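What follows is a short report on a single structure.
Atom set for the values below is all heavy atoms of this structure, side chains included, hydrogens, waters and symmetry mates excluded. All values derive from a computational prediction rather than experimental measurement. Naming: A, B, ... by sequence-line order, numbering from 1 per chain.
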Protein chains: 2
Amino acid sequence: MNFCQACSVRNRAICADLEDDEIALLNKIGRRRNLEAGESLLWAGDEAVLVANVVSGVLKLSTQTSDGREQILGLAYPSDFLGRPFSDTTPYNAEALSDSVVCVFRRPDFERFALEHSKLEHKLLERTLSELDRTRRWILLLGRMNAEERLATLLLEIGARSVAATCRNSIRTDPDRFELPMSRQQIADILGLTIETVSRQFTKMREDGVIKVSERRNITICKRDVLENLAA
Amino acid sequence: MNFCQACSVRNRAICADLEDDEIALLNKIGRRRNLEAGESLLWAGDEAVLVANVVSGVLKLSTQTSDGREQILGLAYPSDFLGRPFSDTTPYNAEALSDSVVCVFRRPDFERFALEHSKLEHKLLERTLSELDRTRRWILLLGRMNAEERLATLLLEIGARSVAATCRNSIRTDPDRFELPMSRQQIADILGLTIETVSRQFTKMREDGVIKVSERRNITICKRDVLENLAA
DNA sequence: CGTAACCTTGACTTTTCTCAAGTTTGGTGG
DNA sequence: CCACCAAACTTGAGAAAAGTCAAGGTTACG
């Protein structure tokens, strides 16, 4: 059975651009895996045994300080790549925030394939460079923005990425209406804040009419310009 | 004239592993450039026209918020790669902190070479993945550490990188004795703090006997275990 | 309908920032 | 060689932002 040919992220993940015969080979070394919300795929510090592509769902990448303060390093949406090729140690935890599907490879299999198929390696390089850009923008957020600016930036980013992640799946979503894939505590762990500070900022934005919130996780952006101004 | 063969970072930069004939080709498309301390090589938002390797010196990568608050994204030491291949826009400013030498390539030349020589592309991928790991560790610092922990982490990192950057140049340095390549203000911009907070933390560490400071920039680590405990 | 998890709110504390002096350092010209 | 200057750094006092601790609401779900 060839999962790749029917794969919903086939044209966006690092396997895009591969020829049919290459895809067939890749299909042999990878396999699908379903993750329930809350289930982990990678553990920081473990030997890096596997790498993966996200097919559907959202995962969080995280580490913690030695005394247990958690920091989320990033989110992985469909077509994003997970894991650490060419290193022995996994640098972060990866945990599904929603029920998810990933396409996993044993790391040695994937590395061998990559070295033999430079087209794949090139795609992985492009993706890694983009991820580095995104991560550096997050450094600006954590280093120089206040709580309000941080939440504004996150809401805009989640809106944008929710659309990008689903647009090929025919469910055209609006970047101004989306469901948060994480709890308030997790938002705090992304933004480097406490849950109370996050909650107060949500309240403030609601009171200012900038956003609407229903059932806690359904967000409507009412005044995009205000958010963009804060995030800039 | 072949700079590459005599290059002090020849075995550590992305050009390591290349065959002699490949090096000769690379030598043709690159050129050396000297930068004085304070001189800029890349400007955020500009069209990405060139990429480079650091040969000697230290550079800072930075961005700022729209209202001008600066944040340093990282430091580039000898053998580190600078610039953004495969994208039209340079994502950060790069400015020399000390007098530096870089090996620059026009981006299209470099990209063409990379696509034709997958060994180089592989090295670049490994380096980008490491840089992503390092950047993510910085996210933990900015998101979850207090001022004291941040400075401790930075001092240990600079000590380690100063050694790594110079060990092939026969000047064997001690990771517990080094010269800071930046001002207090720049340290603040790296750590996401203000200059006053940084200064107070230096004073505290001096008073606690954890470090010695002479001529402002010469640091001796006296109690490495204390710093490591803070940084962990 | 009860419960547990999640979220919000309030009062208070702590950390860092801001603003305003001072002080040290390194360079320059008398 | 010294006095002076500007830039870089340090220090102090008070303000602001975010964190902590402790209740009190909501919501989802069995």
Measure the spacing between CD of E47(A) and OG1 of T89(A) and express it to the nearest 0.5 Å. 8.0 Å
Between D208(A) and K223(A) the two heavy atoms that sit nearest each other are O-NZ, 3.2 Å
Between F81(B) and F105(B), does a ring-ring contact (aromatic ring centres under 6.0 Å, His included) hold up when you go through it step by step? CA-CA 11 Å; F81(B) 182 83; F105(B) 304 90; 8.2 Å; no
Side chain to side chain contact (heavy atoms under 4.5 Å, CB included) with V102(A): which of D80(A), L35(A), V55(A)? L35(A)
Taking all non-hydrogen atoms of both residues, which atom of A76(A) and which atom of V54(A) are closest, and how far apart? CB-CG2, 3.9 Å
Step by step, would you call R150(B) with L154(B) a side chain to side chain contact (heavy atoms under 4.5 Å, CB included)? CA-CA 6 Å; R150(B) 292 185 198 194; L154(B) 182 68; over 6 Å; no
Is it true that the NZ or CZ of R184(B) lies under 6.0 Å from the centre of F202(B)'s six-membered ring and within 45 degrees of the ring axis? yes
Over all strands shown, is S199(B) touching base, sugar-phosphate only, or nothing at heavy-atom distances under 4.0 angstrom? base
Distances for protein N/O vs nucleotides 1-6 of chain C N/O pairs under 3.5 angstrom?
residue: dC6(C); atom: O2; partner: R216(A); partner atom: NH2; Å: 3.0

I'd like a list of close polar pairs between nucleotides 14-18 of chain C and the protein, N/O only, cut-off under 3.5 Å.
residue: dT16(C); atom: OP1; partner: A147(B); partner atom: N; Å: 2.8
residue: dC17(C); atom: OP2; partner: T194(B); partner atom: N; Å: 3.3
residue: dC17(C); atom: OP2; partner: T194(B); partner atom: OG1; Å: 3.2
residue: dC17(C); atom: OP2; partner: T197(B); partner atom: OG1; Å: 2.6
residue: dT18(C); atom: O4; partner: R200(B); partner atom: NH2; Å: 2.8

First and last nucleotide of DNA chain D in contact with chain B, 5' to 3', at under 4.0 Å to a heavy atom: what are they? dA8(D) to dA13(D)
Any chance you could lay out the side chain to side chain contact (heavy atoms under 4.5 Å, CB included) test for L61(A) and R136(B), step after step, and finish with the verdict? CA-CA 10 Å; L61(A) 317 183; R136(B) 283 177 167 148; 3.7 Å; yes
Please evaluate residues T128(B) and L132(B) with respect to the criterion side chain to side chain contact (heavy atoms under 4.5 Å, CB included), reporting the C-alpha separation (whole Å), side-chain torsions for both, the decisive distance (0.1 Å), and the verdict. CA-CA 6 Å; T128(B) 307; L132(B) 185 54; 5.7 Å; no
Distance in Å, L180(B) CG paired with L155(B) CG, rounded so as to fall on 0.5 Å steps: 6.5 Å
